[in-house]
Amino acid sequence: QLQLVESGGGLVQPGGSLRLSCAASGFTLDSVAIGWFRQAPGKEREGVSCINNRSNITNSADSVKGRFTMSRDNAKNTVYLQMNSLKPEDTGVYYCAADRRPLLSLCTIAKGRYDFWGQGTQVTVSS
């Protein structure tokens with residue numbers, strides 16, 4: 001059974017850090033590009049960051065550049081999103097998703113490319 005499971009969300013104060021995990025089962029993450037997306041209440045789901053499976057090249061939204069970093073551990077079949085210097089506007093449900101037709105060496109945070117999604121994990125940044 002194909003599955004993506006996010007974990008690591010929670011409540012954190014502004015300026016704090018969290019590390020989200022996206023664990024895959026039923027397929028290997030080195031065959032797909034992975035993207036992280038988030039959705040705040042009343043807003044559309046937006047792309048946050050992605051990582052290409054062949055090159056490990058990442059791409060991020062301007063709003064998180066310099067604060068969020070993606071990495072992957074193929075041995076654990078897990079992708080991570082390290083989030084530092086968190087702001088209240090980072091609050092939302094965070095989803096990881098797989099692009100099963102990945103680009104040659106790049107990735108995109110356009111959600112239309114992603115055809116397999118996890119259930120999400122809540123991140124709340126508040127004092």
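Small disclaimer: the values here were computed from a predicted structure and weren't measured. FYI, the numbering just counts along the sequence from 1.
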Any chance you could measure [X], atom [atom1], to [Y], atom [atom2], to the nearest 0.5 Å?
X: Tyr95; Y: Arg38; atom1: OH; atom2: CZ; answer: 13.5 Å
X: Ile57; Y: Ile51; atom1: CD1; atom2: CD1; answer: 10.0 Å
X: Met70; Y: Gln82; atom1: CE; atom2: CD; answer: 12.5 Å
X: Cys50; Y: Ile109; atom1: SG; atom2: CD1; answer: 6.5 Å
X: Asn84; Y: Asp90; atom1: CG; atom2: CG; answer: 10.5 Å
X: Cys107; Y: Asp99; atom1: SG; atom2: CG; answer: 9.0 Å

(request) Decide yes or no on ring-ring contact (aromatic ring centres under 6.0 Å, His included) for Phe68 and Trp36, but give the supporting numbers first. (result) CA-CA 11 Å; Phe68 291 12; Trp36 281 100; 9.9 Å; no
(request) Give a yes or no answer on whether the side chain of Asn77 reaches the backbone of Ala23 with a donor-acceptor pair at less than 3.5 Å. (result) no
(message) Check whether Glu6 reaches the backbone of Cys96 with its side chain - one donor and one acceptor, N or O, closer than 3.5 Å.
(response) yes
(message) Any salt bridge linking Asp62 with Lys65? Criterion: basic side-chain nitrogen under 4.0 Å from a carboxylate oxygen.
(response)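 Counted as a salt bridge, because a side-chain N and a carboxylate O are separated by less than 4.0 Å.
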Answer yes or no: is there a side-chain heavy-atom contact under 4.5 Å between [X] and [Y]?
X: Ser126; Y: Pro88; result: no
X: Arg45; Y: Lys111; result: yes
X: Leu86; Y: Leu18; result: yes

(message) Quick check on Gln119: does its CD atom have over 12 non-hydrogen neighbours (other residues, nucleotides or ligands) under 6.0 Å away?
(response) no
(message) Is it the case that over 12 heavy atoms from other parts of the model lie below 6.0 angstrom from the CD atom of Glu89?
(response)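 Counting other residues, nucleotides and ligands, CD of Glu89 exceeds 12 neighbours.
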Name the atoms and distances for all side-chain donor-acceptor pairs under 3.5 Å in residues 24-34, with sequence neighbours left out.
from  : atom 1 : to    : atom 2 : distance (Å)
Thr28 : OG1    : Asp30 : OD1    : 2.8
Ser31 : OG     : Thr28 : O      : 2.7

Give the minimum heavy-atom separation between [X] and [Y], together with the two atoms involved.
X: Val93; Y: Gly120; value: CG1-CA, 3.9 Å
X: Ser55; Y: Ser105; value: OG-O, 2.5 Å
X: Leu81; Y: Val48; value: CD2-CG1, 4.4 Å

(request) Check whether NZ of the Lys or CZ of the Arg Arg19 lies under 6.0 Å from the centre of the six-membered ring of Tyr80 and within 45 degrees of that ring's axis. (result)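 The answer is yes, since Arg19 meets both limits relative to Tyr80.
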(request) Assign the ring pair Phe37 / Tyr114 to parallel, tilted or perpendicular, where the plane angle (0 to 90°) is split at 30° and 60°. (result) perpendicular
